[in-house]
Amino acid sequence: MTIAFIAESAGVSVPTVSKVLNGRTGVSDETRARVEQLIHRHGYRKPPKSRSNLVELVFRELESMWAVEIIRGVERVARKNRISVLVSEFGLREPVGRTIGDTVERRPRCVLSVSQLSEAERAQLTAKNIPFVVFDPIDELPDGVPFVGATNWRGGQAATRHLLDLGHRRIAMISGPDHSFCLARFSGYVSALAEAGLPMEPELVIKTQLTREHGYAAARELLSRPDRATAVFTANDMQALGVYRAARELGLRIPDDLSVVGFDDVPTVAWVDPPLTTVHQPLAEMATAATEIALALGRGEEVPQLGLEIATTLTVRESTAPPKPKPKPKPQPSA
């Protein structure tokens with residue numbers, strides 16, 4: 001069945017049938033009804049568009065400092081496969097139809113979605129046979145959904161163990177929203193404390209957003225208390241930079257008066273004063289692995305592992321040190 005056969009049967013031109021198929025104007029109601037009747041009678045379907053030679057990398061927000069590392073990893077694989085990379089930003093409050101629908105129309109080889117991909121969006125991509133991988137998912141995914149993440153639990157555990165090994169016993173945590181990776185980092189913190197025989201003290205934990213401003217506000221609250229923590233572990237590096245600002249304003253020196261550990265290891269934290277100790281999340285390597293999985297799925301190959309977690313490592317710099325010993329109380333003069 002061809003478009004030419006439909007045109008001949010309806011007594012119209014091929015461009016007219018094309019207009020009907022694509023919902024364009026310029027066709028009378030009578031002609032449109034005749035063409036549509038023939039299309040349904042003969043079961044004609046438009047041939048699928050060929051896939052464009054590109055990988056689409058979808059961010060919900062491009063404000064994050066680690067976006068460059070992700071793009072670098074995707075580019076590495078795309079260049080090797082002679083495929084272009086298109087970077088898209090979908091606003092968090094935009095309706096699904098206006099976001100992933102545009103991607104579907106572009107027919108990319110595959111889609112890499114940073115942080116999340118809703119059930120409806122996954123269904124749209126699957127219906128058009130466009131493979132996808134979720135990068136660093138913020139929520140639990142159903143079985144069978146391809147993803148690449150990091151060992152967030154072990155990262156949180158390693159950060160807290162480092163502070164414990166230095167001798168800290170009052171270790172605060174500025175945690176993030178109830179995303180799966182934030183919860184895993186917090187669980188690693190609690191696990192390390194339990195190993196050391198220490199309880200998790202609720203007054204030493206503040207849950208807030210993953211920004212410098214929110215980290216600053218949480219640190220001001222934690223560090224203004226009489227029996228303040230001697231160390232702070234944050235759910236990401238942006239929060240840690242907020243802790244730096246709060247400590248400066250309160251007259252606390254890092255690491256002499258306060259040790260700080262972040263998470264992510266974005267490039268800038270090696271240049272702050274003092275350079276930040278942080279959990280290194282291998283973003284470029286994660287992006288490379290995600291792109292290779294997505295392209296393999298697009299080629300119809302079997303992928304040995306649909307869910308992949310890449311190991312985090314602790315990068316020790318100059319923002320952590322043993323806690324200062326408490327001054328001994330002065331002896332009271334005898335009467």
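As the structure is a prediction and not an experimental result, all values here were calculated from the model. Residue numbers run from 1 in the order of the sequence given.
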Is the side chain of [X] donor-acceptor paired with the backbone N or O of [Y] at a distance under 3.5 Å, no angle test?
X: T151; Y: T312; result: yes
X: Q239; Y: Q209; result: yes
X: S187; Y: L183; result: yes
X: T234; Y: N236; result: yes
X: S84; Y: L54; result: no
X: Y244; Y: P274; result: yes
X: S259; Y: T320; result: no
X: R72; Y: A284; result: no
X: T315; Y: V279; result: no

Is the shortest heavy-atom distance from the side chain of [X] to the side chain of [Y] under 4.5 Å?
X: L314; Y: V316; result: yes
X: L198; Y: L164; result: yes
X: E69; Y: D265; result: no
X: L210; Y: M238; result: no
X: R170; Y: E201; result: yes

Nearest heavy-atom pair of [X] and [Y]: which atoms, and what distance?
X: G251; Y: D257; result: O-OD2, 4.2 Å
X: S175; Y: F186; result: OG-CB, 4.0 Å
X: L308; Y: A289; result: CD2-CB, 3.8 Å
X: P131; Y: L297; result: CB-CB, 3.8 Å
X: A229; Y: L223; result: O-CD2, 4.4 Å

Looking at R107, R109, R106, which one forms a salt bridge (Lys or Arg N to Asp or Glu O under 4.0 Å) with E56? R106
Considering only NZ, NE, NH1 and NH2 on the basic side and carboxylate oxygens on the acidic side, decide whether E203 and R225 come within less than 4.0 Å.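 No salt bridge links E203 with R225.
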Going from CD1 on I171 to OH on Y189, what distance comes out if it is rounded to the nearest 0.5 angstrom? 7.0 Å
Spacing of L252 atom CG and L258 atom CG [to the nearest 0.5 Å]: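 Reported value, rounded in 0.5 Å steps: 6.5 Å.
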